[in-house]
Amino acid sequence: MSVDAATAPKDWRGRFFEDFAVGDVFRSRLGRTVTDTDNVWFTALTHNTNQMHFNAPYAERTRFERPLVNSCFTLSLVTGLTVPDTSENGTANLEWTDIRLPRPVFVGDTLWAESEILETRPSSSNDRIGIVRLRTRGVNQSGEVVIEFLRTFMIYRRGAPEAARMFPDVDAGWTVG
(Lines give C-alpha, C1' and ligand atoms only; values in the text may rest on other atoms or scores of the structure.)
Protein backbone atom coordinates (compact mmCIF):
# COMPACT_ATOMS: atom_id res chain seq x y z
CA MET A 1 0.00 0.00 0.00
CA SER A 2 1.48 3.33 -1.00
CA VAL A 3 1.33 6.38 1.26
CA ASP A 4 0.69 9.74 -0.36
CA ALA A 5 2.26 12.97 0.88
CA ALA A 6 -0.97 14.01 2.61
CA THR A 7 -0.97 10.95 4.89
CA ALA A 8 0.37 11.51 8.39
CA PRO A 9 3.28 9.27 9.38
CA LYS A 10 2.41 6.46 11.78
CA ASP A 11 5.60 7.01 13.80
CA TRP A 12 5.95 10.78 14.06
CA ARG A 13 9.14 11.80 15.85
CA GLY A 14 9.28 15.45 14.83
CA ARG A 15 11.52 17.02 12.23
CA PHE A 16 15.26 16.56 12.09
CA PHE A 17 17.91 18.70 10.40
CA GLU A 18 17.55 16.79 7.11
CA ASP A 19 13.85 17.65 6.94
CA PHE A 20 14.30 21.41 6.48
CA ALA A 21 14.76 23.36 3.25
CA VAL A 22 15.11 27.09 2.80
CA GLY A 23 11.67 28.51 2.06
CA ASP A 24 9.70 25.90 3.99
CA VAL A 25 6.78 27.52 5.82
CA PHE A 26 5.17 26.03 8.92
CA ARG A 27 1.92 27.21 10.53
CA SER A 28 1.04 26.04 14.01
CA ARG A 29 -1.70 23.47 14.01
CA LEU A 30 -3.16 24.85 17.23
CA GLY A 31 -3.92 28.34 18.43
CA ARG A 32 -3.66 29.24 22.12
CA THR A 33 -5.91 31.68 23.98
CA VAL A 34 -4.06 33.80 26.53
CA THR A 35 -5.63 33.82 30.00
CA ASP A 36 -5.31 36.25 32.89
CA THR A 37 -3.62 33.49 34.87
CA ASP A 38 -0.98 33.09 32.13
CA ASN A 39 -0.20 36.79 32.25
CA VAL A 40 -0.17 37.31 36.01
CA TRP A 41 1.77 34.13 36.81
CA PHE A 42 4.38 34.74 34.12
CA THR A 43 4.76 38.35 35.27
CA ALA A 44 5.13 37.27 38.92
CA LEU A 45 7.45 34.38 38.08
CA THR A 46 9.83 36.72 36.26
CA HIS A 47 9.64 39.44 38.98
CA ASN A 48 8.36 42.00 36.50
CA THR A 49 6.98 44.85 38.63
CA ASN A 50 5.43 46.87 35.79
CA GLN A 51 1.83 47.29 36.93
CA MET A 52 0.67 47.39 33.32
CA HIS A 53 0.59 43.57 33.43
CA PHE A 54 -1.25 42.90 36.71
CA ASN A 55 -3.05 46.01 38.04
CA ALA A 56 -6.32 46.60 36.19
CA PRO A 57 -7.12 50.03 37.76
CA TYR A 58 -3.62 51.23 36.85
CA ALA A 59 -3.89 49.88 33.30
CA GLU A 60 -7.31 51.49 32.83
CA ARG A 61 -5.62 54.92 33.11
CA THR A 62 -3.29 54.16 30.18
CA ARG A 63 -3.90 54.44 26.45
CA PHE A 64 -4.61 50.68 26.34
CA GLU A 65 -7.34 50.93 29.03
CA ARG A 66 -6.64 47.36 30.20
CA PRO A 67 -3.68 45.21 31.22
CA LEU A 68 -1.19 44.28 28.53
CA VAL A 69 0.04 40.70 28.24
CA ASN A 70 3.71 40.54 29.22
CA SER A 71 5.68 40.70 25.96
CA CYS A 72 8.15 38.06 27.18
CA PHE A 73 5.19 35.71 27.63
CA THR A 74 4.14 36.47 24.05
CA LEU A 75 7.65 35.61 22.83
CA SER A 76 7.67 32.39 24.86
CA LEU A 77 4.20 31.31 23.77
CA VAL A 78 4.79 31.96 20.07
CA THR A 79 8.15 30.18 20.25
CA GLY A 80 6.42 27.25 21.95
CA LEU A 81 3.76 27.11 19.23
CA THR A 82 6.56 26.60 16.68
CA VAL A 83 8.24 23.69 18.48
CA PRO A 84 6.15 20.79 17.08
CA ASP A 85 6.98 21.92 13.53
CA THR A 86 10.54 23.14 13.96
CA SER A 87 12.60 22.40 17.05
CA GLU A 88 11.05 19.40 18.78
CA ASN A 89 14.38 17.64 18.17
CA GLY A 90 16.41 20.74 18.90
CA THR A 91 19.35 20.58 21.26
CA ALA A 92 19.84 24.30 21.98
CA ASN A 93 18.57 27.71 20.99
CA LEU A 94 21.44 29.90 19.86
CA GLU A 95 19.72 33.27 19.54
CA TRP A 96 16.60 35.33 19.16
CA THR A 97 17.12 38.62 17.31
CA ASP A 98 15.14 41.41 15.70
CA ILE A 99 12.19 40.97 18.06
CA ARG A 100 9.39 43.33 17.08
CA LEU A 101 6.04 43.84 18.78
CA PRO A 102 3.84 45.72 16.29
CA ARG A 103 0.55 45.23 18.19
CA PRO A 104 -0.31 44.62 21.83
CA VAL A 105 -1.63 41.31 23.14
CA PHE A 106 -4.49 41.25 25.64
CA VAL A 107 -6.06 38.55 27.79
CA GLY A 108 -8.53 36.67 25.60
CA ASP A 109 -6.46 36.96 22.41
CA THR A 110 -5.73 33.69 20.63
CA LEU A 111 -2.32 33.37 18.99
CA TRP A 112 -0.95 31.18 16.21
CA ALA A 113 2.60 30.99 14.88
CA GLU A 114 3.98 30.97 11.36
CA SER A 115 7.64 30.29 10.57
CA GLU A 116 9.75 30.33 7.43
CA ILE A 117 13.12 28.59 7.16
CA LEU A 118 15.78 31.12 6.11
CA GLU A 119 18.99 29.09 6.38
CA THR A 120 20.27 25.61 7.21
CA ARG A 121 23.84 24.48 7.62
CA PRO A 122 25.71 21.59 9.19
CA SER A 123 27.43 22.26 12.49
CA SER A 124 31.16 22.79 12.05
CA SER A 125 31.92 21.23 15.44
CA ASN A 126 29.46 18.32 15.74
CA ASP A 127 28.47 16.06 12.82
CA ARG A 128 25.33 14.89 14.67
CA ILE A 129 23.82 18.39 14.61
CA GLY A 130 22.68 21.01 12.12
CA ILE A 131 21.83 24.67 12.56
CA VAL A 132 18.55 26.20 11.41
CA ARG A 133 17.68 29.89 11.17
CA LEU A 134 14.07 30.96 10.74
CA ARG A 135 11.76 33.89 11.04
CA THR A 136 8.59 33.60 13.04
CA ARG A 137 5.52 35.71 13.54
CA GLY A 138 2.68 35.45 16.00
CA VAL A 139 -0.76 36.21 14.63
CA ASN A 140 -3.92 36.92 16.65
CA GLN A 141 -7.50 35.84 15.98
CA SER A 142 -8.02 38.89 13.73
CA GLY A 143 -5.05 38.04 11.52
CA GLU A 144 -2.95 40.85 13.00
CA VAL A 145 0.77 40.26 13.51
CA VAL A 146 1.58 40.82 17.20
CA ILE A 147 5.23 39.69 17.24
CA GLU A 148 8.00 38.90 14.75
CA PHE A 149 11.50 37.63 15.39
CA LEU A 150 14.45 35.69 14.04
CA ARG A 151 15.59 32.55 15.85
CA THR A 152 18.54 30.23 15.35
CA PHE A 153 18.72 26.79 16.93
CA MET A 154 20.75 23.60 16.82
CA ILE A 155 18.88 20.42 15.92
CA TYR A 156 19.82 16.77 15.79
CA ARG A 157 20.26 14.82 12.59
CA ARG A 158 17.96 11.82 12.23
CA GLY A 159 20.67 9.27 13.09
CA ALA A 160 22.07 11.06 16.14
CA PRO A 161 22.11 8.74 19.19
CA GLU A 162 20.67 11.56 21.31
CA ALA A 163 17.57 11.53 19.10
CA ALA A 164 16.91 7.77 19.33
CA ARG A 165 13.43 6.60 20.18
CA MET A 166 12.83 6.52 23.92
CA PHE A 167 9.61 4.52 24.16
CA PRO A 168 10.33 1.64 26.53
CA ASP A 169 10.17 -1.98 25.39
CA VAL A 170 6.95 -3.63 26.57
CA ASP A 171 6.96 -7.37 27.22
CA ALA A 172 3.30 -7.65 28.21
CA GLY A 173 0.64 -8.29 25.60
CA TRP A 174 -2.52 -6.26 25.34
CA THR A 175 -5.25 -7.17 27.82
CA VAL A 176 -8.20 -5.35 26.20
CA GLY A 177 -10.09 -5.68 22.93
Side-chain angles (χ1 to χ4, degrees), residues 8-9 12-17 19-20 24-120 129-156 162-163 165-167:
W12 177 249
R13 293 178 42 220
R15 287 185 176 82
F16 294 90
F17 176 69
D19 299 321
F20 294 102
D24 286 349
V25 174
F26 302 100
R27 292 179 166 172
S28 59
R29 188 173 61 88
L30 303 174
R32 168 71 155 66
T33 302
V34 179
T35 68
D36 190 49
T37 301
D38 294 329
N39 192 39
V40 171
W41 282 9
F42 188 91
T43 299
L45 179 68
T46 57
H47 294 270
N48 183 329
T49 58
N50 186 328
Q51 296 183 70
M52 191 64 187
H53 304 303
F54 58 84
N55 183 333
Y58 174 86
E60 288 169 2
R61 299 186 338 226
T62 71
R63 66 186 178 109
F64 297 107
E65 300 179 339
R66 56 189 165 158
L68 287 175
V69 169
N70 186 312
S71 57
C72 291
F73 176 79
T74 302
L75 175 63
S76 296
L77 174 58
V78 172
T79 297
L81 288 167
T82 71
V83 169
D85 290 318
T86 62
S87 55
E88 193 168 282
N89 287 302
T91 180
N93 284 301
L94 298 176
E95 67 181 358
W96 281 265
T97 64
D98 300 327
I99 299 167
R100 293 189 174 85
L101 303 157
R103 293 207 186 309
V105 175
F106 300 105
V107 168
D109 283 348
T110 301
L111 303 182
W112 286 265
E114 180 178 47
S115 297
E116 180 182 5
I117 304 302
L118 301 176
E119 178 185 357
T120 66
I129 292 173
I131 297 172
V132 175
R133 184 171 163 268
L134 52 74
R135 64 181 170 189
T136 296
R137 61 185 177 179
V139 179
N140 70 14
Q141 67 281 355
S142 300
E144 300 167 324
V145 175
V146 298
I147 188 170
E148 289 185 290
F149 54 88
L150 299 176
R151 178 167 70 113
T152 304
F153 59 90
M154 297 168 66
I155 187 166
Y156 289 114
E162 299 92 338
R165 287 181 180 83
M166 294 199 52
F167 195 90

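Worth saying up front: this structure is predicted, and the values here are computed from it rather than measured.
Here the shortest heavy-atom pairing between Pro67 and Ala56 reads CG-CA, 4.0 Å. Of all non-hydrogen atoms in Ser71 and Leu101, the two that sit nearest each other are CB-CD1, 3.6 Å. Nearest heavy-atom pair across Phe17 and Gly130 is CD1-CA, 3.4 Å. In this structure, Asp19 and Gly14 approach most closely via the heavy-atom pair OD2-O, 4.3 Å. Here the closest non-hydrogen pair linking Ser115 and Thr136 is OG-OG1, 2.7 Å. Looking at every heavy atom in both residues, Phe54 comes nearest to Asn48 through CE2-O, 3.7 Å.
Checking side-chain atoms of Ser76 against main-chain N and O of Cys72 turns up a donor-acceptor pair under 3.5 Å. Put simply, the side chain of Glu119 never gets that close to the backbone of Arg133: no donor and acceptor are under 3.5 Å apart. At distances below 3.5 Å, at least one donor-acceptor pair connects side-chain atoms of Asn39 with backbone N or O atoms of Asn70. Checking side-chain atoms of Thr62 against main-chain N and O of Phe64 turns up a donor-acceptor pair under 3.5 Å. At distances below 3.5 Å, at least one donor-acceptor pair connects side-chain atoms of Arg13 with backbone N or O atoms of Ala163.
The shortest side-chain heavy-atom distance between Asp109 and Val69 does not fall under the 4.5 Å cut-off. Between Arg15 and Phe26, the closest side-chain pair of non-hydrogen atoms falls below 4.5 Å. At a threshold of 4.5 Å between non-hydrogen side-chain atoms, the residues Val105 and Phe73 do not count as touching. The side-chain heavy atoms of Thr79 and Phe149, taken from C-beta on, include a pair separated by under 4.5 Å. For the pair Arg32/Leu111, no side-chain contact is recorded, criterion being any heavy-atom separation below 4.5 Å from C-beta on. Side-chain atoms of His53 and Val40, non-hydrogen and from C-beta on, never get closer than 4.5 Å to each other. A heavy-atom distance below 4.5 Å is found between the side chains of Leu77 and Val34.
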*Could you check Glu114 against Arg137 for salt bridge (Lys or Arg N to Asp or Glu O under 4.0 Å), going step by step and ending with a plain yes or no?*
CA-CA 5 Å; Glu114 180 178 47; Arg137 61 185 177 179; 2.6 Å; yes
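Atom CD in Glu65 sits 9.0 Å away from atom CZ in Phe106 (nearest 0.5 Å). Separating the OG1 atom in Thr86 from the CD1 atom in Ile155 is a distance of 7.0 Å, to the nearest 0.5 Å. One distance of note links OG1 of Thr120 with CZ of Phe20; it measures 9.5 Å at 0.5 Å rounding. The OH atom of Tyr156 sits 5.5 Å away from the CD1 atom of Ile129 when rounded to the nearest 0.5 Å. With values rounded to the nearest 0.5 angstrom, Thr97 atom OG1 is found 4.0 Å from Leu150 atom CG. Within the model, atoms CD1 of Ile99 and CD1 of Ile147 stand 6.5 Å from one another, a figure rounded to the nearest 0.5 Å.
For the residue pair Asn93/Arg151, the side-chain donor-acceptor check at 3.5 Å is satisfied. Judged by distance alone, the side chains of Asp85 and Thr82 never bring a donor and an acceptor atom under 3.5 Å apart.
The existence of a salt bridge linking Arg135 and Glu116 is confirmed by a sub-4.0 Å separation between a basic side-chain nitrogen and an acidic carboxylate oxygen.
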